Amino acid sequence: MLQIGVLAIQGAFHKHAETLKALQTQPVIVKYAADLTHLDGLIIPGGESTVITRQLGYRLAWEDLYTFAREKAVFGTCAGLIMLGKGCTDPRVRQLGLLDAVIERNAYGSQIESFTEDVTLSFDEHPFHAVFIRAPKILKVGKEAKIVATFRGEAVMVRQKQLLGAAFHPELTNDVRVHDYFIRHCVTQSGK
Ligand SMILES: NC(=O)CC[C@H](N)C(=O)O
């Protein structure tokens with residue numbers, strides 16, 4: 001069975017774990033660097049990228065995440081997307097710089113301007129009802145990355161080889177298609 005970690009620094013990590021379980025994979029709550037050892041993939045949940053940046057180094061270092069994400073499948077949602085990206089409008093965030101995309105934090109407004117809207121997926125004909133919470137905007141998608149979901153014509157999910165980043169929260173809906181898409185990348189990347 002595939003083992004997929006969920007970084008448990010902040011955010012809705014239990015919701016991701018429930019979805020992973022429903023899709024017949026084994027979720028692993030990741031708090032320490034050693035928890036990454038046998039994983040086939042990792043989800044970096046939403047939260048606040050500035051807080052995640054500050055928290056890294058206590059139990060798990062930035063370098064541990066970086067080393068993992070260079071080789072294995074990683075899905076960053078919302079703040080997780082910001083962490084994976086390369087270029088951010090907020091210098092307080094120490095990004096991993098592996099996903100070729102420039103990100104603006106809180107670009108759709110503050111908490112009360114959070115919303116749900118349909119987004120278009122490149123890998124499925126039916127729209128995905130997505131939850132955006134203090135969501136970031138993908139300002140620029142570099143040559144290395146591919147847009148896999150759009151909202152009003154703008155990129156809201158991008159993929160680059162083993163890396164996937166979404167500006168929304170797929171774990172907060174009952175629709176498992178985005179997690180399923182990520183799991184398929186974990187299978188390809190791990191060769192299982
Ligand atoms: N829901 C979220 O993860 C919001 C992201 C958050 N605004 C950040 O900048 O990190």
Side-chain angles (χ1 to χ4, degrees), residues 4-20 27 29-31 41-62 64-66 69 74-119 128-141 145 147-152 154-160 163-179 181-182:
I4 302 181
V6 186
L7 188 65
I9 288 184
Q10 232 209 342
F13 52 88
H14 286 297
K15 287 281 179 199
H16 280 292
E18 279 167 25
T19 308
L20 290 172
I29 299 298
V30 172
K31 291 188 174 169
L42 177 73
I43 294 178
I44 306 178
E48 283 304 326
S49 47
T50 46
V51 176
I52 297 174
T53 299
R54 281 204 306 270
Q55 293 292 323
L56 285 176
Y58 290 110
R59 295 181 292 199
L60 186 140
W62 181 94
D64 298 317
L65 270 190
Y66 179 78
V74 177
F75 180 21
T77 58
C78 212
L81 157 74
I82 301 173
M83 294 307 296
L84 282 179
K86 198 192 237 173
C88 176
T89 47
D90 190 331
R92 291 173 298 171
V93 180
R94 186 180 180 202
Q95 294 177 291
L96 296 175
L98 294 170
L99 182 65
D100 198 1
V102 177
I103 321 285
E104 180 184 358
R105 294 186 63 222
N106 303 327
Y108 292 94
S110 62
Q111 183 76 13
I112 50 163
E113 277 133 344
S114 299
F115 60 96
T116 60
E117 282 286 353
D118 280 355
V119 305
F128 186 93
H129 202 59
V131 180
F132 291 84
I133 304 170
R134 304 185 310 282
K137 237 182 208 180
I138 302 171
L139 295 183
K140 214 164 111 191
V141 181
I147 298 171
V148 288
T150 54
F151 168 57
R152 293 188 186 145
E154 290 181 357
V156 285
M157 182 157 73
V158 290
R159 196 201 131 195
Q160 181 179 331
L163 305 175
L164 181 66
F168 54 91
H169 285 261
E171 79 285 7
L172 298 181
T173 59
N174 293 324
D175 190 335
V176 298
R177 283 177 294 158
V178 170
H179 284 81
Y181 179 69
F182 173 60

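Counting starts at 1 for both ligands and their atoms, following the listed order. Predicted, not measured: the structure shown is a model, and the values here were computed from it.
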Rounded to the nearest 0.5 Å, what separation is found between the [atom1] atom of [X] and the [atom2] atom of [Y]?
{"X": "Ile133", "Y": "Leu172", "atom1": "CD1", "atom2": "CG", "answer": "5.0 Å"}
{"X": "Phe151", "Y": "Ile138", "atom1": "CZ", "atom2": "CD1", "answer": "12.5 Å"}
{"X": "Ile82", "Y": "Asn106", "atom1": "CD1", "atom2": "CG", "answer": "7.0 Å"}
{"X": "Glu171", "Y": "Cys78", "atom1": "CD", "atom2": "SG", "answer": "8.5 Å"}

Quick check: does any side chain N or O of Glu113 sit under 3.5 Å from a backbone N or O of Ser110, one acting as donor and the other as acceptor?
-> yes
For Ala135, the side-chain contact (heavy atoms from CB on, under 4.5 Å) test, sequence neighbours excluded, returns Tyr108, Phe132
Protein heavy atom at shortest distance from [atom]:
{"atom": "atom 7 (N) of ligand 1", "result": "Asn106 OD1, 2.4 Å"}
{"atom": "atom 2 (C) of ligand 1", "result": "Cys78 SG, 2.8 Å"}
{"atom": "atom 10 (O) of ligand 1", "result": "Ser49 N, 2.5 Å"}
{"atom": "atom 3 (O) of ligand 1", "result": "Gly47 N, 2.9 Å"}
{"atom": "atom 9 (O) of ligand 1", "result": "Arg105 NE, 2.5 Å"}
{"atom": "atom 8 (C) of ligand 1", "result": "Glu48 OE1, 3.2 Å"}

Geometric N/O contact His169 with ligand 1, under 3.5 angstrom | yes
- [ ] State whether the shortest distance between N or O atoms of Pro136 and N or O atoms of ligand 1 falls below 3.5 angstrom.
- [x] no
Atoms of ligand 1, numbered as shown, that sit under 4.0 Å from any heavy atom of [X]:
{"X": "Gly46", "answer": "3 (O)"}
{"X": "Ile133", "answer": "1 (N), 2 (C), 4 (C)"}
{"X": "Ile82", "answer": "8 (C), 9 (O), 10 (O)"}

Counting heavy atoms under 4.0 Å, the part of Asp90 that contacts ligand 1 is neither
Please work out whether the ring planes of His16 and His179 are parallel, tilted or perpendicular, with thresholds of 30° and 60°.
tilted
TODO: Give a yes-or-no answer on whether the side chains of Arg105 and Ser49 include a donor-acceptor pair shorter than 3.5 Å.
DONE: yes
